[in-house]
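Right, one structure below, let's go through it.
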Amino acid sequence: MTESEMSDVRANRLSGADYADNFSDIHPPLTPHEALVEADRCYFCYDAPCMTACPTSIDIPMFIRKIQAANPVGSAKTIFEQNIMGGMCARVCPTETLCEEVCVRETAEGKPVKIGLLQRYATDTFMEREQPHPFSRAAPTGKKIAVIGAGPAGLSCAHRLAIKGHDVTVYEAREKAGGLNEYGIASYKTTNDFAQDEVEFILQIGGITIENGKALGRDITLEQLTADFDAVFLGLGLPGVNALGLEGENAAGVIDAVDFIGVLRQAEDLSQIEIGRRIVVIGGGMTAIDAAMQSKLLGAEEVTVAYRRGQEHMNASLYEQELAQTHGIAIRHWLMPDSLHVSNGAVTAITLERTALDAGGKLVGTGEKVTIEADQVFKAIGQTPDAGPLAGSVELEKGRIRVDDQRRTSHKKIWAGGDCVAGGEDLTVVSVEDGKIAAESIHKALMA
Amino acid sequence: MADLSTNFLGIKSPNPFWLASAPPTDKAYNVERAFEAGWGGVVWKTVGEDPQVVNVYGPRYGALLGNDRRVIGFNNIELISDRPLKTNLDEIRRVKRAWPDRAVVVSIMVPCEEASWKRILPMVEDTGCDGIELNFGCPHGMSERGMGSSVGQVPEYIEMVARWCKTYSKLPVIVKLTPNITDIRYPARAAKAGGADAVSLINTINSIMGVDLATMTMSPSVDKQGSHGGYCGTAVRPIALNMVAEIARDPQTRGLPISGIGGVQTWRDAAEFIALGCGTVQVCTAAMTYGFKIVQEMAQGLSDWMDEKGYETIADFQGRAVPNVTDWQYLNLNYVTKAKIDQDLCIKCGRCHIACEDTSHQAITSMVDGVRHFEVMDDECVGCNLCVNVCPVDDCITMVQMTEGADPRTGRAIDNDYANWTTHPNNPMAKQAAE
């Protein structure tokens, strides 16, 4: 067996201190002075484009003005009014394609106001100062709502319903609440257990009970929930992962990127995570970049992201792509998986076929092939819904739940939001908005 | 290259930039550093009678800061020099001897009694200094003792003391005026009537910089209590420019030499004071913020601008803007302007719209055909200039004069002849005149 056929996957590639450095906050928060100076750059636009671009319609000019006026706590309240996960969204939102892309200072000088960092400054300050919860509950309505999934959509929905005076039970299949905030986002974006702090913050409103380890279809059924509760909100996320459909996919070293990220996020000791010397990540979204970045940060030497289309088609933001590239990750375009090389039960390389768009705009292989040695291949080619537990109770659209503009499903007692619904953008901030809209709609329906 | 040298009342200096009577000119050490840096002259910090005054040992200064801690305004409760008179006079003598080409003017403040002035004037003159400045301006501390601004607020006192100074001293006399009055022309006229050779202005403005809401003490405060201090710096410059212009264009004081003071930060500020008639400018806050080196930017900047404009000497542009300062009643009411937004430069912040919509004349669109679009409606625009002032982009909104056709707002034909309020039909006085 030649050296290239030996799989090199091991833990402890770095010294202890390197792990801490590599997985510290990738974007250091603004200091109070930096925040004041940055806030001063905001023009307090009329009918501000940033506010329109925010999926949760946060009054950005107002929260920035409150920072300018040395009132970061009040600023955070403005943020939380529209987005109870303003803290996490400040960390993970692709601001360069949302609020900051349309900032008039981006138009004017190519340097938008750092809205994301300012939002983080306000929300972090609020949480660090251990302020009383910014909302209080309305008088009890006696209504009970079940929320399935304690991810951003579910928690957002639950919080808004609790404000309205309803009692909410959240059923969560995993050990912890938070959904992708807890299990699916690169750890350098949310350090110091921020996801759990945020869950605690949300629960401070009261009236929300989370039941962990309760999966739909296994421990609970929609039939029973619709009978027991006045309304049900589905925030199921996307539990499945697309397969490459190649022989050898079950070999050691061929891993779902989402699982890898989840394991990493839950790891007590990062040095114990085994990582290959050479990594290939298949995919072009945020998950692909997160997996590639974290592989590199764990000590992988050669990390390649292979995407079957062009750079302009990548779902990962340009900013994320550049972040990966400046960390020494190669992003290669127009390559699709062709075959896995497996030796002794472990992957050793992947062959990819070059692709192109044909005259009709369809993606086709060109026949030319490239083989990249790999000790691990991470699959990040999209997550998939699981309609099984829904047992046909709501209508679907391409496998995802069909909802209207109020996030109502075809079932009159069931609402849905987040990644599990059709037409979504698979962003935390969009899920938060879905939950919020659904809660308002549920409230209206129950109180009519 | 432009000649920056000045001759103010016969006091020569290589450039018009003097340090004002203030902390930076309290000691030979500071003044010599200033001269080494290139300052054209100094007005030595105010000397008084012995025993010397004492200052508070808590904060003397306060500042109004921007979010990046840029100094916008500044204030102080420091008194006149707290060193013995002889110490100051000895140093003045030594410095003037060492720096004969620089202006050394001595600021004086003694009680409003003839004997006091008669006693100190020869002592000051004996130092070989170039002139004296009478501190009738300081609004804090000394004013409570009948000196400083409490003299400057009474024209009769100004005239009386100025006359004593001209009687008991051969030195040029500059009267430094307080802005803490209703009409600056009266003290200036009094100074001239008393024989003063020039006025300098403005001294500082009564001010409280802020309130510490945690302790409910004003700032700056000394052991929980504060006292109003003298306000200066960039923020006061517009007030100073107006007061300078009022004196420059007053028929009774026209031609009276003026040394301009108040928020001079750059060469441009200095040029503006000179354009309104000043012969020199005096600087304090900018130096106290950045140190003495700033004079090099000021001198070079003024020189470069003069070269660009073809001005060879300070006198070539001194007072050039004075004829363009007038009373409101003489403004041309036939002059019609409309704001115009350059759509290529517009970054669509909407500030012009909301300012106009909420607070003015509803003359700027926010949405056209369902698209955010900001455009001036000439039939509503009164030409107020608010949008220009709030626009964050240089030259994006400009005021364009209408020279033909009719004003779409009023329907009145544009009249290119000058006409002002004095003859306007709505002016009751004008009607009387017509009758």
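Each chain gets a letter, A, B and so on, in the order its sequence line appears, and its residues count up from 1. What you see is a predicted model, and the numbers here were worked out from it, not measured in a lab.
Evaluation of the side chain to side chain donor-acceptor pair (under 3.5 Å) test over residues 378-387 of chain B, restricted to residues two or more places apart or in two chains, returns none.
Across Asn180(B) and Pro139(B), no two heavy atoms sit closer than the pair ND2-CB, 3.4 Å. Nearest heavy atom pair, residue Val113(A) against residue Glu100(A), reads O-CG, 3.5 Å. The shortest non-hydrogen separation linking Ala195(A) to Thr190(A) is N-OG1, 3.7 Å. Considering every non-hydrogen atom in both Ala240(B) and Ile261(B), the closest pair reads CB-O, 3.3 Å.
Glu425(A) CD: 12 or fewer foreign heavy atoms inside a 6.0 Å radius.
Seen from the ring of Tyr46(A), Arg351(B) does not count as a face-on cation partner, given the 6.0 Å and 45° thresholds. Stacking of Arg65(A) on the aromatic ring of Phe44(A) is recorded, both the 6.0 Å distance cut-off and the 45° axial limit being met.
For Asp407(B) and Lys338(B), the salt-bridge test passes: some basic side-chain N is under 4.0 Å from an acidic carboxylate O. Using a 4.0 Å cut-off between charged nitrogen and carboxylate oxygen, Glu397(A) and Arg400(A) do not count as a salt-bridge pair.
Heavy-atom neighbours of chain A within the stretch residues 58-69 of chain B, taken at a separation under 4.5 angstrom, comprise Asn67(B), Asp68(B), Arg69(B). At a heavy-atom separation below 4.5 angstrom, chain A is approached by Ile354(B), Ser366(B), Met367(B), Arg372(B), Phe374(B) within residues 354-376 of chain B. Residues of residues 72-89 of chain A having a heavy atom under 4.5 Å from any heavy atom of chain B: none.
For the residue pair Ser219(B) and Ser221(B), no side-chain donor N or O sits within less than 3.5 Å of a side-chain acceptor on the partner.
For Glu34(A), no part lies under 4.5 angstrom from a heavy atom of chain B.
Annotation: side chain of Leu323(A) is not in contact with side chain of Ile289(A) (no heavy-atom distance under 4.5 Å).
Looking at Asp25(A), its side chain never comes within 3.5 Å of a backbone N or O of Pro28(A) through a donor-acceptor pair.
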